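Since we're looking at a predicted model, the values are computed, not measured. Just so you know, residue 1 is the first one in the sequence shown, and it goes up from there. One-based numbering, in listed order, for ligands and for the atoms of each.
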Amino acid sequence: MSERFGPIDFDRFHTVDLPERLAAGNGKLAGAHLSGLRPIAFRLVDGRAFTYIPTTDGIDIAPGDEDASTVVELAYQDWCDFVWELKSSFALLYAEGITVPRGSFGQLSRWEPALRAAFDGQVVYDFNDPPPVLDGDGNSLDLTRSFTLDDSDAEIRDFLERAGFVHLRGVFDDDEVEALGADVEAAVARARPDDQRSWWTTVDGEEVCNRVNYLNDQSTLIAGLHDDPRLRRVSDLGGSDLRAAADRLDGHGVVIKVPGASSGLADLPWHRDCGMGGHPVKCPLLNVGIQLDAATPAAGQLQMIAGSHRGTSRLPAGDEVQGLPVVALTTEAGDVTAHWGHTLHAAPPPADRHAAGRRALYVTYVSPLTFEMVGPGQGYNDVLFTRDAGRVRHVDELR
Ligand SMILES: [Fe+2]
């Protein structure tokens, strides 16, 4: 196509490169995931356009946009970034980088998995036919299993590889949790809604902080976490070349479950941590979470779709996860969770409206390429701060 992540010739891509890829197998890969999709066109601001047409055995590419049900218009650089997956459709939506003069944004987001298959051969995780999550003997993996650091790396890694997440009990003791919690509370007290380093929601009309990034800039204790031998051991489960993203991609942050949240992204819908873009750069990204409070249905839990890290997909709506292997993680303070950023996960509202907020400290380990592609202080999620004086909004609040 072009040098990786570089400029792509729009015409040659659509008349030569993409048709070759489709014919070589990507068309068949994409073809299984076109149900309900109508022809969509990408139009550059200079007027050049190509239409993607679903067929019985893949995708046809045709010049122009006259026959497209949905037309997506965008700048050339944004189109390149979209093809390279440096920006996802949702990143373009948040940044107001696209207009849809005909049809709907919903069609673009529904097309995206098939486009990833067409562009670079990614496997699609199919909500209607999810691959079974099996152990080494071919039996169903016990997804409720948890581990301790007394278990072998091989066993823990095997579970992580298959499920896409792992739960380790009793990694930090009570005194350590208390000390980390004190530094978190001090940082939350300093955070402001427009500081572009924290996320806020609304509870009973009041702004309440639900996330603070770059805590490592405020706490030497938290800054030292990524070299803690226990966390190094966990990150090595994901690959010995993974490096802590302390100075970029939001740094080490705390996610706070706030009961009664009614705006923003306090209650995270199903997502991937590479969902704003950068999947080919950051992943395999491993997010390691130190639980500062117990996670229960009442206080709110992290939910994972086991095995979903093995493919790309759009984000499932609520009822689409029925039939998928959803696992809610019940943890104690001091436990550690690790999940691939590419595993679909969610943090729905706490069942108890009056529960205390639940806090999890995250340290993110990423592929080394990240340090070439993303500068200090930058991240693919920065686009979330571009509205409402830096207040992070749920996608439904954009429309
Ligand atoms: Fe996440």
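If you chain together hydrophobic residues whose side chains sit under 4.5 Å apart, Leu141 and Val326 never meet in one group. Both Leu315 and Leu115 are members of a single hydrophobic cluster when ILVMFWY side chains are connected at heavy-atom separations under 4.5 Å.
Across Val203, Val208, Thr202, a single residue satisfies side chain to side chain contact (heavy atoms under 4.5 Å, CB included) together with Ser262, and that is Thr202.
For the Fe ion (ligand 1), protein N, O or S atoms closer than 2.8 Å were enumerated as His271 NE2, Asp273 OD1, His345 NE2, with waters left out.
The side-chain tip of Arg116 points at the ring of Phe82 from less than 6.0 angstrom away and within 45° of straight on. Within the cation-pi definition used here (under 6.0 Å to the ring centroid, within 45° of the axis), Arg230 qualifies as a partner of Phe172.
In this view, Ser367 satisfies the side chain to side chain donor-acceptor pair (under 3.5 Å) rule with no residue, not counting sequence neighbours.
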